[in-house]
Each structure stands twice: as structure tokens, then as C-alpha cells.
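Presented below is the structure to which this report refers.
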Amino acid sequence: QVQLVESGGGSVQAGGSLRLSCAASGALYRRYSMTWFRQAPGKAREGVGVFYIGGGSTDYADSVKGRFTISQDNAKNTLYLQMNSLKPEDTGMYYCAARIGYYDGSWSRGEAYHYWGQGTQVTISS
């Protein structure tokens, strides 16, 4: 079992920054990747970016490339999502998710993940 708890959401104006955290606990050694997703009201869930536990590589959705950065603090078992130059379209509930075991499909498929946090709300005003 892996437990995930997100924090750091809030309301900021466009152009601002936020840093989201995802604290992980449990069987952490089993994780293959961790991904940030978001979902705006009335819209489909969207993969924001992935962090591969083994090598530390990342990948991002085109909509956030150059603005968002994922990192991990191993000592704290915490995944971060640094969000800069925020836009109103970044508004939504943000979730972190953990994948157990190797997977060679698309990282943005929510069905590929075994554990999810409860989410943290991000609201960007224009």
C-alpha cells in the first residue's frame, strides 16, 4: 500500500506561482513512477507531468512545458510540482498518483496508476 497526501493548493493571480507537494508513505520501494494529474470542472482528467522513480527523469504535457517542474525530495518522500507563469486554464483539482511496477504505455493514462491522493485545489484568476 502507498498513501499519498497533496498540499499547497490555493488561489493566485495569473502570472503567479504555486508549489504543490505530494507526501508519500507506505511501500515506497514498489513505485515505478509518480504523476501529477489535474481536472477542471466539466473537463476530462489531464496528465500534467510524470517523475520516474528509478532514474529521476520527467516528462510533461505540452500545455505546461517550460512552466511546470516536477522534483522529488527523497529524504522527505515528497514529490513537488513547481508551477510558474500560471494561467487561468491551469485551474483545477490537482492529484498525484503512483504507479507500481514497470509500464511502457502512456504515462498520462490515469488507468495505469494504482494509488491516488485526495487532491488539492488550484484556482488562477485573470
If you look at every heavy atom in [X] and [Y], which pair is closest and at what distance?
X: Ser126; Y: Pro88; value: CB-CG, 3.9 Å
X: Ser17; Y: Asn84; value: OG-OD1, 2.9 Å
X: Gln121; Y: Gly92; value: NE2-O, 3.5 Å
X: Tyr95; Y: Gly117; value: CD2-O, 3.6 Å

In terms of hydrophobic clustering (I, L, V, M, F, W, Y; side-chain heavy atoms under 4.5 Å; direct or indirect links), are [X] and [Y] co-clustered?
X: Phe51; Y: Leu28; answer: yes
X: Val64; Y: Val12; answer: yes
X: Trp116; Y: Val50; answer: yes
X: Val48; Y: Trp107; answer: no

Mind checking whether [X] and [Y] have side chains closer than 4.5 Å, heavy atoms only?
X: Thr120; Y: Ser7; answer: no
X: Thr69; Y: Tyr80; answer: no
X: Ile124; Y: Met83; answer: no
X: Glu46; Y: Ser63; answer: yes
X: Arg38; Y: Thr91; answer: no
X: Ile70; Y: Leu79; answer: yes
X: Tyr115; Y: Ile100; answer: yes
X: Met34; Y: Leu4; answer: yes

Ignoring hydrogens and angles, tell me if any N or O in the side chain of [X] forms a donor-acceptor pair with the backbone of [Y] under 3.5 Å.
X: Arg31; Y: Ala98; result: no
X: Gln1; Y: Ala27; result: no
X: Arg99; Y: Gly101; result: yes

Stepwise side chain to side chain contact (heavy atoms under 4.5 Å, CB included) check, Glu6 with Trp36: CA-CA 10 Å; Glu6 302 96 334; Trp36 286 98; 3.9 Å; yes
Between Tyr102 and Tyr32, is the gap from one ring center to the other below 6.0 Å? yes
How long is the straight-line distance from [atom2] of [Y] back to [atom1] of [X], given to the nearest 0.5 Å?
X: Met93; Y: Thr123; atom1: CE; atom2: OG1; value: 8.5 Å
X: Thr78; Y: Leu20; atom1: OG1; atom2: CG; value: 12.5 Å
X: Thr35; Y: Tyr60; atom1: OG1; atom2: OH; value: 11.0 Å

Identify whether the distance between the nearest side-chain nitrogen and carboxylate oxygen of Asp62 and Lys65 falls below 4.0 Å. yes
Residues, nucleotides or ligands: over 12 heavy atoms within 6.0 Å of Arg30 CZ: no
Just say parallel, tilted or perpendicular for the rings of Tyr113 and Phe37, cut-offs at 30° and 60°. perpendicular
Going by distance alone, is a donor N or O of one side chain under 3.5 Å from an acceptor N or O of the other, for Arg109 and Tyr103? yes
